Amino acid sequence: MLVDLDYFYAQLEEKRNPSIKDKPVVVCVYSGRGEDSGAVATANYIAREYGVRSGIPIALAKKRLKESKDAVFLPMDREYYESVSDRIMGIFRVYADSFEQVGIDEAYLDVTQRVQGDFDEAKELACRIKNSVKEQEGLTFSVGVGPNKLIAKIAADSQKPDGLTVVRPEEVQVFLSPLPAGRIIGIGGKTAKRMEEMGINTVSDLANHDIQGLIETFGRVLGTYFHNASLGVDDSPVQERGEVESISRIATLKENTRDLDLIMEKANELCQDVYAKLVERGLTFKSVGIVVIMKDLTVHSRSKTFDTPMNQLDIVKRSAKELFEKFLNESTNEARRVGVRLSSLGKEEKIQKHITEFLGSSS
DNA sequence: GTATGCTTTCGGC
DNA sequence: TTACGGCCGAAAGCATAC
């Protein structure tokens, strides 16, 4: 089954301050540029009735909520959301044979063993988990129960908030066929549009489309995945996620610029932040990457990889500077936002320390 | 021909 | 009228190694 916490950030803000729960609530990421510069992270269902959605500019959300008068705009408080998420995930985990957290507000629970493959029992279990989280944290979430992760996810999406949708194996075909292809995870706006151009609108259109054609258009991995998904077939296991694979920070510049010094002023802060997180988790990095979002919102990235694991702040800063400098030489536009990313992460261990010391002392 | 690793882009939340 | 975040993982596309 898939569990998905309802309008998570906004629900937490309602919980923290119940007086706002009958008003439109919009949780915002302010960029620090101007009064309303930034984007919407999420909004409660009252705000959604006004057309407020994740990702739209805050100024646009304000315009859409102009006549509601009592709309509440709050800044995102990520640390708080993460701490509550950790507690709730701890509750979910107890009910699962195996557990896989996806993002801050979603998780897959394989409960096959403990309900002995019985979907009625799975439904009862879902109710018990709902009650438990309601009692302990005062929060609601939506559940999808299905024969695999793909179906569980779509089932959960089909009834929100506080939903509970069960799709039994014999119901999969009827459930899936009429849905828009975009309901399949991995088919976002861009892919949906390409499919539309191929005459694919519903999952049933996708199921009837030649698999070779899909592979030619979307590549082997995705083409095969889309074909199987259209038939409700998915054998990916519910498995615990390991260490994070990358640590990144991105921020909006005070003003658009292509001045390396101004960019590095901000970038050095970002380097320190990602480095602090790296040390906190006891990790090393092999790759340093930068990302630049230009004033026209196009996204560009560059990265460099070392032969051995690294663990020094200075390396991060110097690599970032080198990459920004190189990138500026290749572009003519002004930068609006810049980011720093560490990847190819590894655990800091004795052997790696020795290698670092050896290289450090011999050079 | 297959496996593996690196760079960049895509897109979910 | 326009307006525009900050993360993350996955995949394509390419190069290289065996």
Side-chain angles (χ1 to χ4, degrees), chain A residues 2 4-10 26-43 52-64 66 75-79 81-82 85 100-107 153 156-157 182-194 215-226 236 241-253 256 266 270 273-274 277 286-307 323 326-327 330 336-345:
Chain A
L2 177 99
D4 184 352
L5 292 154
D6 299 320
Y7 59 103
F8 187 48
Y9 301 166
V26 186
V27 179
C28 303
V29 189
Y30 291 99
S31 70
R33 262 223 182 160
E35 177 89 2
D36 291 339
S37 178
V40 171
T42 194
V52 175
R53 301 271 177 278
S54 300
I56 69 169
I58 296 167
L60 178 57
K62 289 211 164 161
K63 186 185 163 187
R64 291 189 176 167
K66 209 151 52 188
M76 186 160 93
D77 184 354
R78 186 187 293 269
E79 277 188 30
Y81 308 149
E82 271 172 7
S85 169
E100 178 177 353
Q101 186 175 341
V102 184
I104 194 170
D105 64 350
E106 268 184 51
K153 170 68 179 166
D157 286 342
R183 291 286 297 276
I184 289 171
I185 186 170
I187 304 182
K190 300 208 173 176
T191 309
K193 184 136 192 238
R194 285 169 73 191
I215 289 174
E216 276 160 35
T217 311
F218 299 106
R220 185 173 52 84
V221 174
L222 271 181
T224 310
Y225 166 73
F226 291 152
S236 63
R241 304 250 168 139
E243 270 308 332
V244 288
E245 295 181 13
S246 69
I247 298 171
S248 65
R249 284 263 357 237
I250 182 168
T252 304
L253 297 164
N256 297 349
K266 177 59 79 177
L270 303 180
D273 287 354
V274 292
K277 225 168 200 177
K286 271 177 67 186
S287 296
V288 178
I290 59 152
V291 58
V292 183
I293 290 106
M294 314 305 284
K295 76 175 195 197
D296 62 4
L297 301 184
T298 56
V299 182
H300 304 268
S301 61
R302 295 289 184 272
S303 67
K304 72 176 277 185
T305 298
F306 299 97
D307 293 333
L323 291 164
K326 210 191 296 176
F327 174 77
E330 296 166 15
R336 178 185 175 88
R337 299 160 63 200
V338 295
V340 175
R341 186 172 186 168
L342 300 180
S343 55
S344 305
L345 304 178

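Just the heavy atoms: all of them, side chains too, but no hydrogens, waters or symmetry mates, feed the values below. The sequence lines fix the lettering, A, B, ..., with proteins before strands; numbering per chain opens at 1. Because the structure is predicted, anything quoted here is derived from the model rather than measured.
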Exercise. At under 4.0 Å between heavy atoms, what does A/Lys62 touch on the DNA or RNA strands: base, sugar-phosphate, or nothing?
Worked result: nothing

Seminar exercise, completed: Ranking B/dT7, C/dA3, C/dG5 by distance to the side chain of A/Ala39, first place goes to C/dG5

Problem set entry | Atom CD of A/Glu35: over 12 foreign heavy atoms under 6.0 Å | no

For this session: Verify the contact: side-chain N or O of A/Ser246 to OP1 or OP2 of C/dC7, cut-off strictly under 4.0 Å; return yes or no.
Result: no

For this session: Answer with base, sugar-phosphate or nothing: what part of the nucleic acid does A/Lys286 contact at a heavy-atom distance below 4.0 Å?
Result: sugar-phosphate

Exercise. Which part of the nucleic acid, if any, lies within contact of A/Val102, taking any heavy atom under 4.0 Å across all strands shown: a base, the sugar-phosphate backbone alone, or nothing?
Worked result: nothing

Problem set entry | Residues in ring pair (Phe, Tyr, Trp, His ring centres under 6.0 Å) contact with A/Tyr225, at least two apart in sequence or another chain | none

Exercise. On a plain distance test, is the side chain of A/Arg53 in donor-acceptor contact with the base of B/dG12 below 3.5 Å?
Worked result: no

Exercise. Base, sugar-phosphate, or nothing: which does A/Ser31 touch, judged by heavy atoms less than 4.0 Å apart?
Worked result: sugar-phosphate

For this session: Return no unless some side-chain N or O of A/Ser301 is found under 4.0 Å from OP1 or OP2 of B/dT9.
Result: yes

For this session: Could you tell me whether A/Ser37 contacts a base, only the sugar-phosphate backbone, or nothing, with contacts defined as non-hydrogen atoms closer than 4.0 Å?
Result: sugar-phosphate

For this session: Specify the separation, in whole Å, of atom CD of A/Glu106 and atom P of B/dC13.
Result: 5 Å

For this session: Can you tell me the distance, in whole Å, between the CD1 atom of A/Ile184 and the C1' atom of B/dG12?
Result: 15 Å

Problem set entry | Atom-pair distance (NZ on A/Lys63; P on C/dT2), nearest Å | 7 Å

Exercise. Do A/Ser303 and A/Ser287 get their side chains close enough for a donor-acceptor pair, meaning under 3.5 Å?
Worked result: no

Exercise. P atom, B/dG12 versus C/dC4: distance in rounded Å?
Worked result: 23 Å

Exercise. Base, sugar-phosphate alone, or nothing: which one does A/Asp36 contact when heavy atoms must sit under 4.0 Å apart?
Worked result: nothing

Seminar exercise, completed: Among the nucleotides C/dG6, C/dA10, C/dA3, whichever has the atom closest to the side chain of A/Ala59 is C/dA3

Seminar exercise, completed: note: A/Arg341, atom CZ; C/dA10, atom P; distance rounded to Å ~ 11 Å

Exercise. Between B/dT8, C/dG5, C/dG9, which one does the side chain of A/Arg302 approach most closely?
Worked result: B/dT8

Exercise. What does A/Arg336 touch in the nucleic acid at a heavy-atom separation under 4.0 angstrom: a base, only the sugar-phosphate, or nothing?
Worked result: sugar-phosphate

For this session: Could you check whether A/Gly38 gets within reach of a base, just the sugar-phosphate, or nothing at all, counting any heavy atom under 4.0 Å?
Result: sugar-phosphate

Exercise. When you measure from the side chain of A/Ile250, which nucleotide among C/dC7, C/dG9, B/dT7 comes out closest?
Worked result: C/dC7

Problem set entry | Nearest listed nucleotide, side chain of A/Arg337, among C/dG9, B/dT9, C/dG5 | C/dG5

For this session: Send over the distance from A/Ile56 CD1 to C/dT2 P, rounded to a whole Å.
Result: 14 Å

For this session: Flag yes if more than 12 heavy atoms outside A/Glu330 fall under 6.0 Å of its CD atom; otherwise flag no.
Result: yes

Problem set entry | Separation of C/dG5 C1' from A/Arg78 CZ (nearest whole Å) | 9 Å

For this session: Can you tell me the distance, in whole Å, between the CG atom of A/Leu253 and the C1' atom of C/dC4?
Result: 14 Å

Exercise. According to a strict under-4.0 Å criterion, is A/Arg249 in side-chain N/O contact with OP1 or OP2 of C/dC7?
Worked result: yes

Exercise. When we call it a touch if two heavy atoms are under 4.0 Å apart, what does A/Gly55 touch: a base, just sugar-phosphate, or nothing?
Worked result: base

For this session: Verify side chain to side chain contact (heavy atoms under 4.5 Å, CB included) between A/Thr252 and A/Arg337, making sure each step is shown before the conclusion.
Result: CA-CA 4 Å; A/Thr252 304; A/Arg337 299 160 63 200; 3.4 Å; yes

Problem set entry | Atom CG of A/Asp307: over 12 foreign heavy atoms under 6.0 Å | no

Problem set entry | Short side-chain N/O contact from A/Thr252 to OP1 or OP2 of C/dC4, under 4.0 Å | no

For this session: Please state whether the rings of A/Phe327 and A/His300 are parallel, tilted or perpendicular, taking 30° and 60° as the class boundaries.
Result: tilted

Exercise. With respect to the side chain of A/Arg241, which nucleotide from C/dA3, C/dG9, C/dC8 is positioned closest?
Worked result: C/dG9

Exercise. So, is A/Ser303 near the phosphate of B/dT7, with a side-chain N or O under 4.0 Å from OP1 or OP2?
Worked result: yes

Problem set entry | Options B/dT8, C/dG9, B/dC13, nucleotide nearest the side-chain atoms of A/Ile185 | B/dC13

Exercise. Using a cut-off of 4.0 Å on non-hydrogen atoms, how would the nucleic acid contact of A/Ile187 be classed: base, sugar-phosphate, or nothing?
Worked result: sugar-phosphate

Exercise. Hey, does A/Ile293 reach any base, or is it just sugar-phosphate, or nothing, if we go heavy atoms under 4.0 Å?
Worked result: nothing

For this session: Report the nucleotide, chosen from C/dC8, C/dA3, C/dG5, that has the shortest atom-to-atom distance to any side-chain atom of A/Leu60.
Result: C/dA3

For this session: Have a look at A/Lys153 and say if it touches a base, only the backbone sugar-phosphate, or nothing, with a 4.0 Å heavy-atom cut-off.
Result: sugar-phosphate

For this session: Evaluate salt bridge (Lys or Arg N to Asp or Glu O under 4.0 Å) for A/Asp273 paired with A/Lys277, printing each intermediate quantity in order.
Result: CA-CA 6 Å; A/Asp273 287 354; A/Lys277 225 168 200 177; over 6 Å; no

Exercise. Rounded to the Å, how far apart are A/Tyr225 OH and C/dA10 C1'?
Worked result: 12 Å

